[in-house]
> 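Once you've had a glance at the structure underneath, I'll fire off some questions.
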There are 2 protein chains.
Amino acid sequence: MSTSPAPQDADTPDSDGKGAMRMGILPSLVGRQLRLAYLRTFKDFAMAVEGTSLSPGSFEILELLSCNPGLSHSRLASAIGLEKSSLVPAIARLEEMALVKRKQSATDKRSNELRITPKGERVLAELRSYVVQRESEITEGMARAEVDTLNRLLAKMAGING
Amino acid sequence: MSTSPAPQDADTPDSDGKGAMRMGILPSLVGRQLRLAYLRTFKDFAMAVEGTSLSPGSFEILELLSCNPGLSHSRLASAIGLEKSSLVPAIARLEEMALVKRKQSATDKRSNELRITPKGERVLAELRSYVVQRESEITEGMARAEVDTLNRLLAKMAGING
DNA sequence: TATTGTTATACTCTATAACTATA
DNA sequence: TATAGTTATAGAGTATAACAATA
């Protein structure tokens, strides 16, 4: 990746002698910058905690379970905007890693109560510290108003048409 | 705007009942807003052009081929930051849809020259118009300087640690 | 009947490694 | 040897549909 943060020349690939790549309207698009930033974030995240490769989605699950102990599978799925079936493999993986445990509800035997384990809390603490550190890297040197602008625009993008 | 920027601190029952979900540090994280915005953008994109479900990645390929006719598979892959093998299914799909064609290079028989077709240009024009319209929705009411701030921050996120 | 969680299945995106045909 | 493109394979991540147990 180029060292220049300016969108106009940040993506010019090495032109290997055949002339510079033309990027068309791409460099000016907020949407594309968003995509590149997301993909980068996603890749980095997996390496944040020694030995465990967890995704931003797993961090979100752990954080929600930490704040809402005993949450059901269904409620968790809808909280993070997934189909309940899509959550199954993620939970299974976290359970396999002993970061989360499931217990059948006493009051409704269909339902599972999900809880983060002590080990899960430790991993979550590491992830949180990584996330917070990264947040401060991202917003380093930015005025508070600029950070707010960023969050507002991202929220707007996440919410457009719905 | 669907997401509140402030963590909820009403003490609500978590395990059972339908009390408000506690979101922990999640709502304050730029990284998470980024993820939500990206996922949303990705989903919307697929529905942008009638009948063809194309991704932001396909748009990028078409745009680059439109600006750089005859680009090789390898150069295209490195321009968009993918392994060459990862590009194969995407190109195959675009060729299947008759939006792109491949031609063996005369000067290096190992190499393919990729070109966008007239039909591809028409689809690209539709995608561009969707993208531009969405960009203007996103940045509606923003000062030019704020949009620049956003792009700069996203570029920074895309480039951190590398 | 409706809901909870699960399984079965499928599709997209991406990566690594091995292969082919050139160079 | 090295490179361009492909194939084979694998692994997340997500979705729909069907199912069993329970409500």
Side-chain angles (χ1 to χ4, degrees), chain A residues 14 16-18 35-36 38-47 52-61 70-97 100-115, chain B residues 15-18 35-36 38-47 52-61 70-97 100-115:
Chain A
D14 30 6
D16 80 30
K18 288 184 91 182
R35 181 162 159 267
L36 294 176
Y38 168 75
L39 294 174
R40 179 51 183 271
T41 298
F42 199 91
K43 276 185 190 168
D44 288 352
F45 209 103
M47 296 176 284
T52 73
S53 60
L54 292 171
S55 64
S58 296
F59 166 65
E60 200 158 322
I61 290 172
L71 203 58
S72 76
H73 189 101
S74 293
R75 290 238 302 151
L76 177 57
S78 79
I80 59 183
L82 286 182
E83 286 301 312
K84 55 198 167 104
S85 64
S86 303
L87 195 60
V88 172
I91 295 290
R93 186 147 172 266
L94 290 172
E95 198 173 28
E96 211 170 87
M97 297 167 78
V100 159
K101 64 177 167 9
R102 277 179 288 200
K103 204 188 76 177
Q104 192 183 47
S105 163
T107 57
D108 183 343
K109 284 182 187 165
R110 296 171 303 178
S111 187
N112 276 338
E113 293 170 358
L114 302 173
R115 285 193 172 75
Chain B
S15 27
D16 42 292
K18 320 211 164 145
R35 182 163 159 267
L36 295 176
Y38 169 73
L39 293 174
R40 179 52 183 270
T41 297
F42 199 91
K43 275 185 192 169
D44 287 353
F45 208 103
M47 294 177 284
T52 72
S53 59
L54 291 171
S55 65
S58 297
F59 167 65
E60 200 159 322
I61 290 172
L71 203 58
S72 75
H73 188 101
S74 293
R75 291 240 299 152
L76 177 59
S78 80
I80 60 184
L82 287 182
E83 287 302 312
K84 55 199 167 108
S85 64
S86 302
L87 194 59
V88 172
I91 295 291
R93 186 146 172 267
L94 291 173
E95 197 173 27
E96 212 170 84
M97 297 167 80
V100 159
K101 64 176 168 5
R102 275 180 290 200
K103 204 188 77 176
Q104 192 184 46
S105 163
T107 57
D108 183 343
K109 282 182 187 167
R110 295 172 304 181
S111 186
N112 277 338
E113 293 170 358
L114 301 174
R115 285 193 172 73

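Here is how names work: the chains are called A, B, and so on, in the same order as the sequence lines, proteins then strands, and each is numbered from 1. Every heavy atom of this structure was used, including side-chain atoms; hydrogens, water molecules and symmetry mates were not. Every value quoted in this text rests on a predicted model; they were computed, and no experiment measured them.
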> Just by protein heavy atoms under 4.0 Å, how would nucleotides 16-23 of chain D read 5' to 3' in B, S and -?
BB---BBS
> To the nearest 10°, let me know how far the axis at one end of the helix from dT1(C)-dA23(D) to dA23(C)-dT1(D) is tilted from the axis at the other, five pairs an end.
20°
> What pair of heavy atoms forms the shortest contact from Tyr38(B) to Leu39(A), and how long is it?
OH-CD2, 4.3 Å
> What residues, two or more places apart in sequence or in another chain, satisfy salt bridge (charged side-chain N to carboxylate O under 4.0 Å, His left out) together with Arg93(B)?
none
> Over all heavy atoms of both residues, which pair between Pro89(A) and Ser85(A) is shortest? Give the atoms and the distance, please.
CD-O, 3.4 Å
> Could you check how far CG of Leu54(A) sits from P of dA12(D), rounded to whole Å?
11 Å
> Return the minimal non-hydrogen interatomic distance between Pro56(A) and Arg35(B), and the atom names on each side.
CB-CD, 3.7 Å
> In whole Å, I'd like the distance from the CD1 atom of Ile91(B) to the P atom of dA4(D).
16 Å
> Round to the nearest Å and state the distance from Leu39(B) atom CG to dG13(D) atom C1'.
10 Å
> Taking any heavy-atom pair under 4.0 Å as a contact, classify Leu82(A): base, sugar-phosphate, or nothing.
sugar-phosphate
> What is the minimum heavy-atom distance between Phe42(B) and Ser55(B), and which atoms define it?
CZ-CB, 4.0 Å
> Just to verify, what does Arg102(B) make a salt bridge (charged side-chain N to carboxylate O under 4.0 Å, His left out) with, not counting sequence neighbours?
Glu95(B)
> At their closest point, which heavy atom of Ala90(B) faces which heavy atom of Ile61(B), and how far apart are they?
CB-CD1, 4.0 Å
> Answer yes or no: is there a donor N or O on one side and an acceptor on the other, between the side chain of Gln104(B) and the main chain of Lys109(B), under 3.5 Å?
yes
> From Lys103(B) NZ over to Ser111(B) OG, what is the distance, rounded to the nearest 0.5 angstrom?
11.5 Å
> Quick check on DNA chain D: between Val88(B) and Ala90(A), whose nearest nucleotide comes earlier from the 5' end?
Val88(B)
> How far apart are the closest heavy atoms of Leu87(B) and Ala77(B), and which atoms are they?
CD2-N, 3.6 Å
> Where does the chain B footprint on DNA chain C start and end, counting 5' to 3' with a 4.0 Å heavy-atom cut-off?
dC13(C) to dA23(C)
> Rounding to a whole Å, what distance do you find between Phe42(A):CZ and dA12(D):C1'?
7 Å
> Hey, which of these two, Pro89(A) or Lys43(A), hits DNA chain C nearer its 5' end, going by closest nucleotide?
Pro89(A)
> Output all residues satisfying side chain to side chain donor-acceptor pair (under 3.5 Å) with Ser105(A), sequence neighbours left out; order by chain, then residue number.
Thr107(A)
